[in-house]
There are 2 protein chains.
Amino acid sequence: MAATIIDVARHAGVSIATVSRVMNGTTAVRPDTRQRVAEAIEALGYRPNQLARSLPGGQSDRVIGLVIPEINNPVFPEIAQAVEHEARHQGYQVMLCQTDDRWAIELKYAKLLIDRRVSGIIFVSGSFSHVKGDMEPYRLVREANIPYVLVNSRASDSTMAPVLATDEVAAGKMQAAYLLQHGHRHIGFLGGGLGYYVTRDRLLGVNQAMASLARGETASLTQQLGGFQQNRATLLARTLLTQNPRPTGILCASDLLAMIFMTQARHMGLRIPDDLSVIGFDGIQMVQHTWPPLTTIAQPLRKMGTLAVKSVLGQPINPRLELTLIKGQSVGAVPSNAILKDVAT
Amino acid sequence: MAATIIDVARHAGVSIATVSRVMNGTTAVRPDTRQRVAEAIEALGYRPNQLARSLPGGQSDRVIGLVIPEINNPVFPEIAQAVEHEARHQGYQVMLCQTDDRWAIELKYAKLLIDRRVSGIIFVSGSFSHVKGDMEPYRLVREANIPYVLVNSRASDSTMAPVLATDEVAAGKMQAAYLLQHGHRHIGFLGGGLGYYVTRDRLLGVNQAMASLARGETASLTQQLGGFQQNRATLLARTLLTQNPRPTGILCASDLLAMIFMTQARHMGLRIPDDLSVIGFDGIQMVQHTWPPLTTIAQPLRKMGTLAVKSVLGQPINPRLELTLIKGQSVGAVPSNAILKDVAT
DNA sequence: CTGTTAGCGCATTCAC
DNA sequence: GTGAATGCGCTAACAG
């Protein structure tokens, strides 16, 4: 159907080698010849077949695989956007792989990307972020000699790959410290299960912050762990809200969780930050538009996407990722009647 | 580096054809032979090169190109998610192309996708959605004989391609009607420029709704058109809010615009829906988490993604897309002091 | 059932 | 400068 290099050669009365030359500018070609070829290309609307082009060169499809749990959680689009930008600037395309947070699909995608001989793979919050995660995908990719990088969450020791992640312990510490500073002593934690490294690290940080209170001071921690999915999160939020006594300062593992939580709190007639303080994590752009504006610890999401691309392309990077406190209006002082107020179900 | 089919053949003591056969199950192979080959494959960790595999068959890379303006506007991830799901179920992968809403990049991506011989291309809110949009990308794709579909917004007559879009006129009508029902007679419109078909159609619908008021009744319309980008939108929102008299019912071209608008309104000390009513468009999931929950007209975003995939794969679809009113709490009655109240800048 | 032989579209040595 | 020849990894006839 489409014109091939042979058609062009014939049309221009030259050999295919010459056509190839004018296309890639490998060797010098006499101006008039080059002209004739150019015209032939134009006339036939010829476009070189990238697939065929990749074959001789060994591999290198100039494609980067981006593997993420779900496109719908706003934190991933922000990373994806940066990945696409950087990839585009470097002349690469992005293969979008969504795993629905299921390891089997992640493995399947890893295989597909290997088979396609992509230039690199970026795994975001994959099974590696789970304590008992399946390391098979990464093993395969490594054996296939394809550069990859693990974004978000800690990598287990068995994966020898660059990791791009913020200090989750520090993150938990910052979140808790901020709540403690505002006088909260009954902290609630809403997050994923203990199977996730993030959860463990975050809790570690929280405990560190609580331990560093002045002597005599104590604080309690109520956890609701389960998952990041909307349904689960809604349930967890309700449960946390019906605790008695109810925590006054809530620390959420992600901004989306925080948003879900705030919505639930509202459903139950609680006001933020008057009755309840909330702090999130991620720093997605959407936090500007919540009410009240969410106070959160921001990761450099865009930077993470950019660095991930550079990393798999073998370019030197500084993997230092800073956390930033974004002050919204979702954290306030402890309500004076905190202990008395009951919850309406 | 990686093992090829030849290595496997040698290792198993058979011909490459036989290896190919056991891989694809094309022809029957004697069990013990198949076994030997399987072992060889396993032993060498062989994975067939998809690129090479595509060549003989003509094309068909089993890849679908998804071209969207930006990943960050929440409406696109929702479509993208559905596209990935459907593509995966059908054994296809998705190439993510972000244009930053720039025609030049859209064109560039169209070329890249053609060169890569993708199976189909899904253009979402592309340059075709603009009255003076550049039709070159679609022309090229058509000439390359690659199936494509235009999602969102109306296609100009010059593009002969399936279009997947809701009835924008009806949408505008629904939005306006809802506000009118609540007694609003001073309507504000916040949206993209007149260069977009959506804007034109939406305004057409708004006018239709306003025209169908009972005799003697009239309503006014104040427009702020400009763009969908965050910065622009913020400016437009402020301008709209400082009109005198200020419209009491605001109709936004997208949910994101509505969210931006509500945030601005809040900054100016206005309460929704007490002082101001707002209705959005798109029906993104995030509307559940705004405050107040946004009232909006929902498009079947997921369905659009699913149908888009089926469409480019040549499967029969019913392109009927229904609009649904999602009742939030952002629309209320006209404030009694609407005319008196001034705006603080 | 299985091995042999052509290409697929292109880049790349080589000679001329 | 340019053309002919070779091979990339694999599938698909075509023979045995």
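Nothing here was measured: the structure is a model prediction, and the numbers come from that model. Convention: sequence-line order gives letters A, B, ...; per-chain numbering from 1.
A donor-acceptor pair shorter than 3.5 Å can be found between the side chains of A/R116 and B/Q93.
Set against D/dA5, C/dG3, C/dG9, the side chain of A/A52 has C/dG9 as its closest nucleotide. For B/V29, counting side-chain heavy atoms from C-beta on, the closest listed nucleotide (C/dC10, D/dC10, C/dT2) is C/dT2. Side chain of A/T18, nearest nucleotide from D/dC10, C/dC10, D/dG3: D/dG3. Of the listed nucleotides (D/dG3, C/dG9, D/dC10), D/dG3 has the atom at the smallest distance from the side chain of A/A17.
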Which side-chain N or O atoms in residues 63-82 of chain A pair as donor and acceptor under 3.5 Å with protein atoms at least two apart or in another chain?
from, atom 1, to, atom 2, distance (Å)
A/N72, ND2, B/Q81, OE1, 2.9
A/N73, OD1, A/V75, N, 3.2
A/E78, OE2, A/Q285, N, 2.7
A/Q81, OE1, A/R302, NH1, 2.9
A/Q81, OE1, B/N72, ND2, 2.9
A/Q81, NE2, B/Q98, OE1, 3.4

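In this structure, A/S125 contributes its side chain and A/N152 its backbone to no donor-acceptor pair below 3.5 Å.
Nucleotide D/dG9 holds its P atom 16 Å from the CD1 atom of B/I41, rounded to whole Å. At whole-Å resolution of the value, CZ in A/R62 and P in C/dA11 are 14 Å apart. C/dC10 atom P lies 6 Å from atom CG of A/N49, rounded to whole Å. D/dG1 atom P lies 15 Å from atom CZ of A/R36, rounded to whole Å. Atom-to-atom, CG of A/L51 to P of C/dA11 comes out at 12 Å; the value is rounded to the nearest Å.
The end-to-end axis angle of the helix from C/dC1-D/dG16 to C/dC16-D/dG1, rounded to 10 degrees and based on five pairs per end, is 40°.
Listed by chain and residue number, nothing satisfies the salt bridge (Lys or Arg N to Asp or Glu O under 4.0 Å) test with B/D134 (two or more places apart in sequence, or in another chain). Taking B/D7 as the reference, B/R10 meet the salt bridge (Lys or Arg N to Asp or Glu O under 4.0 Å) condition, with sequence neighbours excluded. With sequence neighbours excluded, the residues that form a salt bridge (Lys or Arg N to Asp or Glu O under 4.0 Å) with A/R88 are A/E84, B/D100.
Across all strands shown, B/V19 has no heavy atoms under 4.0 Å from either base or sugar-phosphate atoms. Using a 4.0 Å heavy-atom distance criterion, A/I6 is classed as making no nucleic acid contact.
Within a 6.0 Å sphere centred on CD of A/Q315, heavy atoms belonging to other residues, nucleotides or ligands number more than 12.
Close to C/dG3, at under 4.0 Å from its OP1 or OP2, lies a side-chain N or O of B/S15. At C/dG9, none of the side-chain N or O atoms of A/R53 fall inside 4.0 Å of OP1 or OP2 (strictly under the cut-off).
A residue-by-residue look at A/I16 and A/T33 shows that A/T33 has its nearest nucleotide of DNA chain D further toward the 5' end.
Taking the centre of each ring, B/Y138 and B/F123 come in below the 6.0 Å mark.
Salt-bridge check for A/R139 with A/E136: passed, with a basic side-chain N closer than 4.0 Å to an acidic carboxylate O.
Contacts between residues 20-28 of chain B and DNA chain D, defined by a heavy-atom separation under 4.0 Å, are made by B/S20, B/R21, B/N24.
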